[in-house]
Amino acid sequence: GDVIEYYSPIFVAGDPRGLREATVLAIDPKKEYPLVLENAEYIPNDTSVKRVKVMSGGELVDHPGIFRPISRFKLVKAGEATIADAVKMQSSRFGGIMRNNMKKLKSKA
């Protein structure tokens, strides 16, 4: 899906540490949290997001998006992924990182 950029709601607005980029796995416009993101973070409808890459012809292409609240986008239900799928993806990614770091540590021992 599309790649968006947003500031995580757990940070003060505009704090550069809160800037996130994530791929949208699924959309359900009827939900309070309509986007399922690959990083498994929930962002509410009033969070401003910017599309930075969009799917066009089966490819991701750069997009000169602007920040605006999710509620102002014309959302169409798409994808079947759930937050559980996103968490599973992140846990697999984290497991890979841990395995690589363990290999590095063992080679130094």
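Just so you know, residue 1 is the first one in the sequence shown, and it goes up from there.
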Derivation and outcome, side-chain hydrogen bond (donor to acceptor under 3.5 Å, both in side chains), residues Glu41 and Tyr6
CA-CA 11 Å; Glu41 188 167 17; Tyr6 63 95; 2.7 Å; yes
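- With Ile27 as the fixed residue, the side-chain contact (heavy atoms from CB on, under 4.5 Å) test singles out one of Val36, Asp2, Leu35: Leu35.
- Using a cut-off of 4.0 Å between Lys/Arg side-chain N and Asp/Glu carboxylate O, Lys30 and Asp28 are scored as not salt-bridged.
- Counting non-hydrogen atoms of other residues, nucleotides and ligands closer than 6.0 Å to CZ of Arg72 gives a total of 12 or fewer.
- Cation-pi contact between Arg20 and Tyr7: absent, since separation from the ring centre below 6.0 Å together with deviation from the ring axis within 45° is not met.
- When each of Val24, Val49, Ile83 is checked for a side-chain contact (heavy atoms from CB on, under 4.5 Å) with Leu37, only Val24 meets the rule.
- Between Pro44 and Pro9, the shortest heavy-atom contact is CD-CG, 3.9 Å.
- Heavy atoms of other residues, nucleotides or ligands lying less than 6.0 angstrom from OH of Tyr42 number 12 at most.
- Linking Ile, Leu, Val, Met, Phe, Trp and Tyr whenever their side-chain heavy atoms come within less than 4.5 Å leaves Phe73 and Val3 in two separate clusters.
- For the residue pair Gly1 and Leu60, the shortest heavy atom distance occurs at O-CD2, 3.5 Å.
- One hydrophobic cluster holds both Val52 and Met55 under the rule that ILVMFWY side chains link at heavy-atom gaps under 4.5 Å.
- The backbone N or O of Ile43 sits nowhere less than 3.5 Å from a side-chain atom of Thr47 that would complete a donor-acceptor pair.
- For the atom pair Met98 CE and Leu105 CG, the distance stands at 9.0 Å (nearest 0.5 Å).
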